[in-house]
Amino acid sequence: MARTRDTRLDAAIRTAVVELLDEQGYEQLTIGAVASRAGVHRPAVYRRWPSKRHLVVDAVAELMGVAPTPNTGDLRSDLLEGISTLVRALSSTPLGKALPALVAELSASAELSEEFRSRVFLPRRESSAAALRSAIERGEIRADFDMDFVLDLLAAPLYYRVLFGHQPLTPRLAEQTVDAVLTTICTQAVESSGYQRNSTVLPSGSAT
């Protein structure tokens with residue numbers, strides 16, 4: 001009979017790897033250290049992940065999600081849900097504190113970068129792109145915008161605040177970001193039928 005996988009153990013290992021990534025960096029991080037931090041033996045880690053690279057990326061994928069943006073037909077709500085998963089991951093899990101170290105390691109390790117792009121980065125973007133393409137088909141947003149640029153715009157303010165720490169990462173920021181993007185790509189028909197620029201996009205006294 002197959003042994004049931006202990007999800008609590010998985011969570012402890014993933015938490016340990018993100019904490020150690022922040023403390024030690026990718027190169028110094030070892031499976032042994034992860035096992036010790038999580039309170040398990042090394043074979044328990046290797047049974048779940050074949051390498052350090054796979055473990056790190058899986059931990060990040062679990063915290064961030066790989067298909068965060070639904071496609072329900074309500075573009076604002078769909079984009080807001082997708083961006084909110086990033087707010088939650090970066091503000092209420094160890095990932096936010098470890099993000100600067102992760103970014104540095106992604107630039108230093110081609111293997112880690114490729115694994116992260118294929119497992120986390122590109123699937124997340126594709127879920128948002130799918131919602132945007134559906135909105136184009138419904139005639140809600142223009143078809144002539146730069147998709148990659150808009151996808152960057154949706155996530156950039158969040159990463160910027162986490163990396164520099166000059167302003168808090170809040171649910172309101174997710175709303176501001178989505179509304180700012182929508183004001184630039186929605187069609188005139190949608191605007192005239194009642195779409196209003198949200199007052200939270202540029203609150204008075206805000207600083208960049």
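Because only heavy atoms are used, hydrogens play no part in the values below, and waters and symmetry mates are left out as well, while side chains stay in. Residue numbers run from 1 in the order of the sequence given.
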Apply salt bridge (charged side-chain N to carboxylate O under 4.0 Å, His left out) to residues E23 and R37 and explain how you reach the verdict. CA-CA 12 Å; E23 296 170 12; R37 176 68 64 90; 2.8 Å; yes
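Annotation: the span from R76 atom CZ to E140 atom CD amounts to 13.0 Å, rounded to 0.5 Å. Annotation: the span from L169 atom CG to R161 atom CZ amounts to 7.5 Å, rounded to 0.5 Å. Taking CG of L86 as the start and CD of E81 as the end, the distance is 12.0 Å to the nearest 0.5 Å. Residue T15 holds its OG1 atom at 7.0 Å from CG of L63, rounded to the nearest 0.5 Å. The OG1 atom of T177 lies 7.5 Å from the CG atom of L154; values are rounded to the nearest 0.5 Å. Taking NE2 from H54 and CD from E115, the interatomic distance works out to 4.5 Å, rounded to the nearest 0.5 Å.
S134 places a side-chain N or O within 3.5 Å of a backbone atom of A130 that can act as its donor or acceptor partner. A donor-acceptor contact shorter than 3.5 Å links the side chain of S91 to the backbone of V87. A donor-acceptor pair is defined here as one N or O able to donate and one able to accept, closer than 3.5 Å; such a pair exists between the side chain of S107 and the backbone of A104.
Clustering ILVMFWY residues whenever any of their side-chain heavy atoms sit less than 4.5 angstrom apart, transitively, puts L151 in the very cluster that holds L90. Note on V66 and V18: separate hydrophobic clusters, where clusters join Ile, Leu, Val, Met, Phe, Trp and Tyr whose side-chain heavy atoms are under 4.5 Å apart, directly or indirectly.
Counting non-hydrogen atoms of neighbouring residues, nucleotides and ligands closer than 6.0 angstrom, the NZ atom of K52 exceeds 12 such neighbours.
Between L99 and V103, some side-chain heavy-atom pair lies under the 4.5 Å cut-off. Considering only heavy atoms from C-beta on, F145 stays 4.5 Å or farther from T184 through its side chain. Taking the side chain as every heavy atom from C-beta outward, I13 and W49 approach each other to under 4.5 Å. When side chains are defined from C-beta on, R133 does not count as touching N71, because their heavy atoms never get closer than 4.5 Å. Residues L132 and L79 form a side-chain contact, since some pair of their non-hydrogen atoms from C-beta on lies under 4.5 Å apart. Side-chain contact between M64 and T93: absent, with no pair of heavy atoms (C-beta onward) separated by less than 4.5 Å.
Minimum heavy-atom separation, A44 to R47: CA-NH2, 3.5 Å. Contact record, A101 with L21: CB-O, 3.5 Å, taken as the closest heavy-atom pair. Across all their heavy atoms, I83 and A174 have their closest contact at CG2-CB, 3.8 Å. When every heavy atom of R142 is checked against every heavy atom of D144, the shortest pair comes out as NE-OD1, 2.7 Å. Heavy-atom minimum distance, D74 versus S77: OD2-OG, 3.1 Å. The two residues S127 and P68 come nearest to each other via the heavy atoms OG-CD, 3.2 Å.
The distance between the ring centers of F164 and Y160 falls below 6.0 angstrom.
Using a 4.0 Å cut-off between charged nitrogen and carboxylate oxygen, R125 and D152 count as a salt-bridge pair. A salt bridge is absent between R117 and E111: the closest approach of a Lys/Arg side-chain nitrogen to an acidic carboxylate oxygen does not fall below 4.0 angstrom.
Between D78 and T72, the side chains place a donor N or O and an acceptor N or O closer than 3.5 Å (distance only, hydrogens not considered). The closest side-chain donor-acceptor pair between R124 and T69, if any, does not fall under 3.5 angstrom.
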